[in-house]
Amino acid sequence: MNSTNEQVYIFSLQDFNLVMANQQALNFLGCTAEEIRTHSVFDVFSEVTAKELNLSLQTLQNGKEMSFIHTFQTKVDLRSQITICLEIIQNEENVLCLATVRNPHLLSFENGEFTDNTTNIPNRSLFYDRLKLAISQARRDKNIRCVLFLDLDRFKNFNNSLGHKFGDVLLKLIADRLLAYIRDNDTVSRFGGDEFLILLSDIPNVAVVGKLAQRLLKLFAEPFTIDGHDYFISPSIGISLFPHDGADAEELVKNAETAMYRVKENGGNNYEFYNSKMNATVLEKLVLENNLRKATELNQFVLYFQPQINGNTKEIVGLEALIRWNHPELGIISPQEFIPLAEEIGLIEKIGNWVLQEACHQLKQLHLKGYSSLYVAVNISARQLKSEFVNTVIQILEETNLQPQFLHLEITETSAMNSINHSLSIFKALKEIGVCISIDDFGTGYSAFSYLKQLTVDTIKIDRTFIRDILLDPDQIEIVATIIKLAHTLGFKVIAEGVEEKQQLDLLTSLKCDDLQGYYISIPLPIEELFLYISEKYKLSPTI
Ligand code: C2E
Ligand code: MG
Ligand code: MG
């Protein structure tokens, strides 16, 4: 009962006394679970009569809906339009009825206390009531609520030159247009003067709010016609969000107003979020975030493969799998743009598992074609390094029927060292499966060989910044030479990434770097092109 957002009441059909209510209902009424038992159903649904209820119950077939206005009697003393859905449930000694209340939508009192006379829409008090209610609901459902503070630009000019009557008509037309635009669950109210406040409830994410504000601005692109004349007026809109921009109704309104003033300062006819971090770039990020979530479902990811060769024989020894996002409008997007975001929003495991599965599958196909000595290196994010990951690896190897030694996991130095104790146990478990571990971007982090020894790492991958400078700076040669020597002494293999020139390749080979990867050998290739590349270069050694 508590897992639904609706209010649920159970009452006895013998005496119409309430037996229980869920937390949503208790919160709404401001009662405790004990207090509710002292009430009858007619206390709660005060305008429902026994006759009405009995009638509904008689025609009840798999749930009957009844809709009426009633006054919540308890602490929230407001009128509400509700739909009640009834269902008979039976326990051993009693016949009970379950009532689910849909859409408690508070209405203004008929005496006008809650409506604005000029525009006939909710006034400031009703707005605050609804906002408070929305905040308490938001605390429970953990969703965003949003306040838009809309102030008309240069309204005073209209009022002064055309008179107050004209001004009132204009306000009414604006209110009607806003009202027609917003959804049933939202509230538009006149806050005073030329200010309107809008409360938005069902908001999946912040990007949607930005789009909505843009559409609100467009509403004002059409003229308002009064007495056959067209008038144009624009708004300035300030936006605040619960819970980000305020803990209560007053603070949210105040902050939305502050944001509105910033719009005014910049010439009006625009919108702005209170929180300056919620600016365009954040919105872009949120749009990207939305797209990224969809990308996983729409299979928009592709894997490219970049060959790695042996320095002495120049033969291809393995492939690094590198993900790309094939966006329908933006084209190929680099992992550097979306992997950090995927990590931040918790999508990396899903994406990472896909990469692992696809990389193993493609490699198996290559093995079946006869290129059976190749391995595949897959990049793993720190966030993937959880104990479940070990099982995922086992499962994928089984499914793709790939022997574990052909899977190399590339883990960056920083993520391996981040929580060394945690890494130790995971690395140990991975080693037990038989997969190989490479330390990616070596030299950019702690560069602590002794830890890597403890972590039973197989390969050190020297970061491409070292390789980039190797021809320019003799000191750099010394550093790379020392890394290679030390790594060999400790029993690690060494691979250099970012090899872009023949001289780099020759130098690294003379320094006894085992394997090499980089644009000079090949750029990362989509699978079809990789097939061509390998079929030319695998048997003969690459002609480098
Ligand atoms: P990384 O693992 O260090 O991958 C090597 C990057 O260097 C790749 O960029 C590759 O295209 C690029 N590269 C290769 N040869 C050269 C060269 O000669 N010169 C230069 N300047 N660059 C070269 P890419 O594909 O854009 O990937 C960037 C990073 O994104 C990767 O760095 C890796 O950290 C991450 N990444 C890529 N795919 C995945 C994935 O499937 N999962 C995770 N978690 N991260 C990934
Ligand atoms: Mg890598
Ligand atoms: Mg790297």
Side-chain angles (χ1 to χ4, degrees), residues 306 308-311 317-322 343 348-349 352-353 355-357 359-360 363 373-398 400 402-464 466 479-497 508 511-517:
Q306 188 177 30
Q308 302 180 338
I309 63 164
N310 178 279
V317 286
L319 310 163
E320 179 173 7
L322 293 159
E343 289 173 343
I348 192 63
E349 285 165 51
N353 289 349
V355 171
L356 208 53
Q357 166 81 38
C360 291
L363 184 73
S373 65
L374 297 178
Y375 62 82
V376 69
V378 175
N379 292 286
I380 305 298
S381 290
R383 287 190 174 236
Q384 287 174 267
L385 290 178
K386 297 183 183 155
S387 44
E388 303 94 86
F389 179 67
V390 179
N391 287 333
T392 308
V393 173
I394 296 176
Q395 200 188 332
I396 289 176
L397 287 171
E398 264 173 28
T400 52
L402 189 71
Q403 287 157 286
Q405 70 270 26
F406 293 110
L407 176 62
H408 291 202
L409 301 176
E410 285 196 8
I411 297 161
T412 63
E413 198 186 0
T414 340
S415 45
M417 297 295 185
N418 250 347
S419 58
I420 186 92
N421 288 335
H422 172 70
S423 303
L424 264 175
S425 64
I426 302 229
F427 276 43
K428 191 162 163 273
L430 289 170
K431 290 296 294 184
E432 272 165 19
I433 304 173
V435 300
C436 296
I437 294 175
S438 304
I439 293 299
D440 206 348
D441 304 344
F442 182 81
T444 57
Y446 302 88
S447 311
F449 274 114
S450 54
Y451 279 127
L452 297 183
K453 191 70 203 164
Q454 269 188 54
L455 288 171
T456 58
V457 159
D458 299 278
T459 307
I460 303 279
K461 200 169 181 186
I462 306 178
D463 188 65
R464 65 169 173 275
F466 291 90
I479 293 173
V480 172
T482 311
I483 293 178
I484 295 173
K485 263 192 230 137
L486 201 53
H488 282 161
T489 314
L490 292 166
F492 304 129
K493 270 188 101 173
V494 184
I495 177 165
E497 65 179 0
L508 286 161
L511 296 177
K512 302 213 164 37
C513 181
D514 303 282
D515 297 335
L516 305 146
Q517 176 185 354

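Keep in mind that what you see is a predicted model, and the values were worked out from it rather than measured.
- Every pair tested for salt bridge (charged side-chain N to carboxylate O under 4.0 Å, His left out) that includes a residue from residues 416-425 fails, sequence neighbours excluded, so the list is empty.
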Please determine whether side chain to side chain contact (heavy atoms under 4.5 Å, CB included) holds for the pair Leu374 and Val317, giving the CA-CA distance in whole Å, both sets of side-chain angles, and the decisive distance to 0.1 Å.
CA-CA 5 Å; Leu374 297 178; Val317 286; 5.8 Å; no
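- At least one side-chain heavy atom of Leu356 sits less than 4.5 Å from a side-chain heavy atom of Val393.
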Chi angles and distances behind the side chain to side chain contact (heavy atoms under 4.5 Å, CB included) call for Glu413, Asp463:
CA-CA 10 Å; Glu413 198 186 0; Asp463 188 65; over 6 Å; no
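- Every side chain to side chain donor-acceptor pair (under 3.5 Å) that Lys431 has, sequence neighbours left out, goes to Asp458.
- In this structure, Phe492 and Ile483 have side chains that are not in contact, with every pair of non-hydrogen atoms separated by 4.5 Å or more.
- The shortest heavy-atom contact between Ser381 and Glu343 is OG-OE2, 2.7 Å.
- The shortest distance between side-chain heavy atoms of Glu410 and Val378 does not fall below 4.5 Å.
- Annotation: ring pair (Phe, Tyr, Trp, His ring centres under 6.0 Å) contacts of Phe449 (sequence neighbours excluded): Phe442.
- Scored by the side chain to side chain donor-acceptor pair (under 3.5 Å) test, Asp441 finds no partners at all (sequence neighbours excluded).
- No side-chain heavy atom of Cys360 sits under 4.5 Å from any side-chain heavy atom of Leu363.
- Within the structure, the salt bridge (charged side-chain N to carboxylate O under 4.0 Å, His left out) test picks out no pair touching residues 482-492 (sequence neighbours left out).
- Of the residues Ile484, Ile495, Leu508, the one that meets the side-chain contact (heavy atoms from CB on, under 4.5 Å) test with Ile462 is Ile484.
- The shortest side-chain heavy-atom distance between Ile411 and Ser438 does not fall under the 4.5 Å cut-off.
- With sequence neighbours excluded, the residues satisfying side chain to side chain contact (heavy atoms under 4.5 Å, CB included) with Ala429 are Val390.
- Taking NE2 of His408 as the start and CD1 of Ile380 as the end, the distance is 13.0 Å to the nearest 0.5 Å.
- In terms of the side chain to side chain donor-acceptor pair (under 3.5 Å) criterion, residue partners of Glu320 (sequence neighbours excluded) are, by chain and number, Asn379, Lys461, Gln517.
- In this view, Tyr375 and Gln308 satisfy the side chain to side chain donor-acceptor pair (under 3.5 Å) rule, not counting sequence neighbours.
- With sequence neighbours left out, the salt bridge (charged side-chain N to carboxylate O under 4.0 Å, His left out) criterion links Glu349 to Lys386.
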Enumerate, atom names and distances included, each donor-acceptor pair closer than 3.5 Å involving a side-chain atom of residues 421-428, sequence neighbours excluded.
unit_1, atom_1, unit_2, atom_2, d
His422, NE2, Leu385, O, 2.7
Ser423, OG, Ala416, O, 2.7
Ser423, OG, Ser419, O, 3.2
Ser425, OG, His422, O, 3.1

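- Taking Lys493 as the reference, Asp515 meet the salt bridge (charged side-chain N to carboxylate O under 4.0 Å, His left out) condition, with sequence neighbours excluded.
- Rounded to the nearest 0.5 Å, atoms CD (Gln403) and CG (Leu397) are 10.0 Å apart.
- Partners of Gln357 under the side chain to side chain contact (heavy atoms under 4.5 Å, CB included) rule, at least two apart in sequence or in another chain, are Ile396, Glu399, Thr400.
- The side-chain heavy atoms of Leu455 and Ile437, taken from C-beta on, include no pair separated by under 4.5 Å.
- Between atom CG of residue Asn353 and atom OG1 of residue Thr392 there is a gap of 5.0 Å, rounded to the nearest 0.5 Å.
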